[in-house]
> 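Pasting a structure here, questions to come.
Keep in mind that the numbers below use all heavy atoms, side chains included, and drop hydrogens, waters and symmetry copies. Letters A, B, ... are given to chains in the order of the sequence lines, protein chains preceding strands, and every chain is numbered from 1.
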Number of protein chains: 2
Amino acid sequence: MADLVYKQVLQSLQQRIKTNQFPHNRLPDERSLSTEYQVSRSSIKRALNVLAQQGVIFKKRGSGTFVNPLYLKNKSIFRYEGSNLGITNNLKIEGYEPQIKVLDFAVIAAPPEIQEELFVTSEDFVYQIRRLRLIDERAIIIETSYIPIKLAPALTRQIVTGSLFDYFAKELHHTGTKALMTLKVQPSVATDQELLHLEPTEPVGIMEGIFFLDNGTPFEFSQLRIHYHYFSYNTFVDVAE
Amino acid sequence: MADLVYKQVLQSLQQRIKTNQFPHNRLPDERSLSTEYQVSRSSIKRALNVLAQQGVIFKKRGSGTFVNPLYLKNKSIFRYEGSNLGITNNLKIEGYEPQIKVLDFAVIAAPPEIQEELFVTSEDFVYQIRRLRLIDERAIIIETSYIPIKLAPALTRQIVTGSLFDYFAKELHHTGTKALMTLKVQPSVATDQELLHLEPTEPVGIMEGIFFLDNGTPFEFSQLRIHYHYFSYNTFVDVAE
DNA sequence: TAACACAATTGGTACGTATCAATTGAGAAA
DNA sequence: TTTCTCAATTGATACGTACCAATTGTGTTA
């Protein structure tokens with residue numbers, strides 16, 4: 001996991017930055033870091049690049065590398081939901097153990113809207129899974145997922161009560177590490193209002209996406225309708241050139 | 001701009017992928033590409049990494065590199081709003097020329113909420129700029145921005161009628177290429193409903209962020225309240241481990 | 001036929017070198 | 001003092017090498 005050289009450097013640097021060990025928020029130059037850590041400059045660069053892409057540091061050619069001062073003040077923002085798949089795991093981080101309530105578990109012919117995304121035809125069957133996710137007894141997400149039968153022939157209502165990611169990882173020796181996602185906003189519909197305890201004036205955030213296995217095959221399409229109190233997505237954007 | 005070796009390779013590969021020039025959606029192995037393009041394998045890797053991070057290709061050790069089949073089918077999703085700063089430029093892409101209506105232009109003492117973000121104290125003054133953005137005569141965004149006076153002493157109501165990004169680029173020789181952003185959802189308030197022509201049941205998407213100059217100093221905090229029809233954010237997420 | 005072992009293929013990591021480009025600062029010149 | 005010039009500093013790009021690790025396919029063996 002962390003046996004890679006650049007990751008060790010990365011972690012060390014993260015630690016040093018967090019504990020404010022760099023005078024004037026300025027990091028040593030790359031060549032110095034290289035000799036200090038006894039690793040090649042390339043590895044230093046790789047570690048620094050990760051930090052730069054996260055917005056933790058700024059690099060400026062000819063001048064040096066500096067800690068983003070906002071990072072020190074407001075570290076919380078720098079935990080990106082953006083870099084975390086799997087809703088179950090995501091919610092776990094918050095401290096509360098999430099619950100899942102299965103609303104619906106059926107096998108249907110693949111609906112036209114998702115045939116393209118999941119590479120199935122109208123001949124193919126998919127699981128349609130509707131689940132309600134709760135934290136601390138409060139319902140916060142209505143999740144509707146579609147999974148092609150042929151990718152997981154043994155799925156049961158029982159399994160679906162738990163984390164699908166864990167199931168895929170354990171049983172199918174595949175980890176879903178990638179997803180193509182879209183975030184949107186919509187007024188709540190009757191079902192939302194009922195399940196998520198919303199007023200008609202209160203909206204939901206939509207988070208929908210296609211999840212890929214590590215071999216590139218799309219294996220799940222899912223839409224999350226999220227109570228607007230709990231919808232928040234942070235990201236650091238860099239537009240080079 | 002595109003004189004960099006890896007960018008030339010990148011563009012070439014993008015073109016070849018888009019026009020479906022790889023049998024079985026499989027790219028040649030890195031070593032072959034290296035000799036084919038007459039560049040080092042490192043440069044090939046760099047180009048491929050960009051594509052992989054965009055979700056355009058999948059790499060699998062021991063097996064090869066493959067085009068994400070969804071990319072070919074549904075290229076539109078792969079235009080990320082996520083990788084585009086500057087709202088004016090962003091909207092321009094859609095084809096319609098955006099208009100800006102200045103609602104409010106004032107200098108005030110820095111509000112407490114943004115003092116931390118912009119590194120100013122209650123002693124400092126900031127511009128408070130409220131603007132309405134329209135496309136094709138339709139109001140779609142209410143924007144509220146704060147900019148420290150000391151960073152742009154010469155700002156006028158006139159300038160504010162245009163793109164602030166362009167102004168900063170031209171006059172201050174600084175380009176804002178980085179931002180720390182948060183996406184949220186809220187019910188519309190009276191002002192939203194009035195300006196954006198929304199019903200009380202219709203929500204707004206919130207997009208707020210801190211924009212940095214290329215030297216790392218935060219120079220603008222701005223909040224966008226977006227008509228929910230026009231709020232959409234696409235992103236490709238990869239969680240390595 | 002089926003199961004296994006092994007070699008070839010292919011991407012990943014790491015190191016090191018050479019060179020370029022932006023910035024900074026010191027020292028010379030005005 | 002101020003301004004200018006130039007060398008030193010510092011990150012960026014590119015190349016090439018060596019070796020590792022996952023996968024695949026082939027050929028052998030049971």
> Run the numbers on T121(B) and E123(B) for side-chain hydrogen bond (donor to acceptor under 3.5 Å, both in side chains), then give the verdict.
CA-CA 5 Å; T121(B) 67; E123(B) 309 288 300; 5.4 Å; no

> Rounded to whole Å, how long is the line connecting atom CZ of R46(B) with atom P of dA14(D)?
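Those two atoms, CZ and P, are 6 Å apart.
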
> Looking at residues at least two apart in the chain, or sitting in another chain, which of them share a salt bridge (Lys or Arg N to Asp or Glu O under 4.0 Å) with K45(B)?
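Scan of K45(B) (salt bridge (Lys or Arg N to Asp or Glu O under 4.0 Å), adjacent residues dropped) gives E30(B).
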
> Would you mind telling me which residue lines up with the more 5' stretch of DNA chain C, S42(B) or E30(B), judged by nearest nucleotide?
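Going by which nucleotide is closer to the 5' end, it is E30(B).
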
> Is the backbone N or O of S32(A) less than 3.5 Å from a side-chain atom of T35(A), with the two atoms forming a donor-acceptor pair by type?
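Flag set: sc T35(A) to bb S32(A) pair under 3.5 Å.
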
> Can you find a heavy atom in the side chain of V126(A) that is under 4.5 Å from one in the side chain of I149(A)?
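No, too far: nothing below the 4.5 Å cut-off.
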
> Nearest whole Å is fine: how far is dA14(C) C1' from N49(B) CG?
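Going from N49(B) (CG) to dA14(C) (C1'), I get 15 Å.
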
> Just how far, in rounded Å, is P of dT13(C) from CG of D3(A)?
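Computing the D3(A):CG to dT13(C):P distance gives 10 Å.
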
> State which residues pass ring pair (Phe, Tyr, Trp, His ring centres under 6.0 Å) with F66(B); sequence neighbours excluded, sorted by chain then number.
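For F66(B) there are no ring pair (Phe, Tyr, Trp, His ring centres under 6.0 Å) partners, ignoring immediate neighbours.
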
> Quick check: does any side chain N or O of R131(A) sit under 3.5 Å from a backbone N or O of V160(A), one acting as donor and the other as acceptor?
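It does hold such a pair.
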
> Think K45(A) has a side-chain N or O under 4.0 angstrom from the OP1 or OP2 of dG11(D)?
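Looking at the OP1 and OP2 atoms of dG11(D), neither is under 4.0 Å from any side-chain N or O of K45(A).
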
> Among residues two or more places apart or on two chains, list those pairs meeting ring pair (Phe, Tyr, Trp, His ring centres under 6.0 Å) that have a residue in residues 39-63 of chain B.
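As it turns out, the ring pair (Phe, Tyr, Trp, His ring centres under 6.0 Å) pairs with a partner in residues 39-63 of chain B, which skip direct neighbours, are F212(A)-F58(B).
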
> Taking all atoms of both residues into account, what is the closest heavy-atom pair of F211(B) and S222(B), and its distance?
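Minimum heavy-atom contact is CE1-OG, 3.6 Å.
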
> Enumerate the residues from residues 33-41 of chain B whose closest heavy atom to DNA chain C is under 4.0 Å, giving them by residue number; use none for an empty result.
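Listed by number, they are R41(B).
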
> Between the protein and nucleotides 3-6 of chain C, are there any N/O to N/O pairs under 3.5 Å, and if so, what are the atom names and distances?
none

> Would you kindly say whether K59(A) and N49(A) are connected by a side-chain donor-acceptor distance under 3.5 Å?
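The criterion, which ignores hydrogens and geometry beyond distance, is satisfied for N49(A) and K59(A).
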
> For the pair made of CZ in F66(A) and C1' in dG11(D), what is the distance, rounded to whole Å?
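Atom-to-atom, F66(A) to dG11(D), this comes out as 11 Å.
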
> I'd like to know whether the aromatic ring centres of F105(B) and Y127(B) sit less than 6.0 Å apart in this structure.
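Close enough - the centres of the two rings lie under 6.0 Å apart.
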
> Using a cut-off of less than 4.0 Å, is there contact between a side-chain N or O of K59(A) and OP1 or OP2 of dT10(D)?
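Indeed not, no polar side-chain atom of K59(A) lies that close.
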
> So which protein nitrogen or oxygen atoms get under 3.5 Å of nucleotides 20-23 of chain C's nitrogens or oxygens?
| unit_1 | atom_1 | unit_2 | atom_2 | d |
| --- | --- | --- | --- | --- |
| dA21(C) | O4' | R61(A) | NH1 | 2.5 |
| dA21(C) | O3' | R61(A) | NH1 | 3.3 |

> If you check every side-chain atom of L4(A), which of dT10(C), dA14(D), dA14(C) has the closest atom?
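Comparing dT10(C), dA14(D), dA14(C) against the side chain of L4(A), the answer is dA14(C).
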
> Below 4.0 angstrom, N of the basic side chain to O of the carboxylate: do R16(A) and E36(A) qualify?
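Looking at E36(A) together with R16(A), the answer is yes, because their closest N to O distance falls below 4.0 Å.
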
> Whole angstroms only, please: what is the CZ-P distance between R26(A) and dT24(C)?
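Going from R26(A) (CZ) to dT24(C) (P), I get 9 Å.
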
> Tell me: NZ of K7(A) to P of dG12(C), nearest whole Å?
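Computing the K7(A):NZ to dG12(C):P distance gives 13 Å.
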
> L27(B) has an atom CG; how far is it from atom C1' of dT10(C), in whole Å?
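The distance from CG of L27(B) to C1' of dT10(C) comes to 13 Å, rounded to the nearest Å.
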
> Taking CD from Q8(B) and P from dC15(D), how many angstroms apart are they, rounded to a whole number?
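One finds 10 Å between P of dC15(D) and CD of Q8(B), rounded.
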
> Checking the side chain of E143(B) only, and the main-chain atoms of R133(B) only, is there a donor and an acceptor separated by less than 3.5 Å?
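Not at all, since once roles are kept as given, no pair shorter than 3.5 Å links the two residues.
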
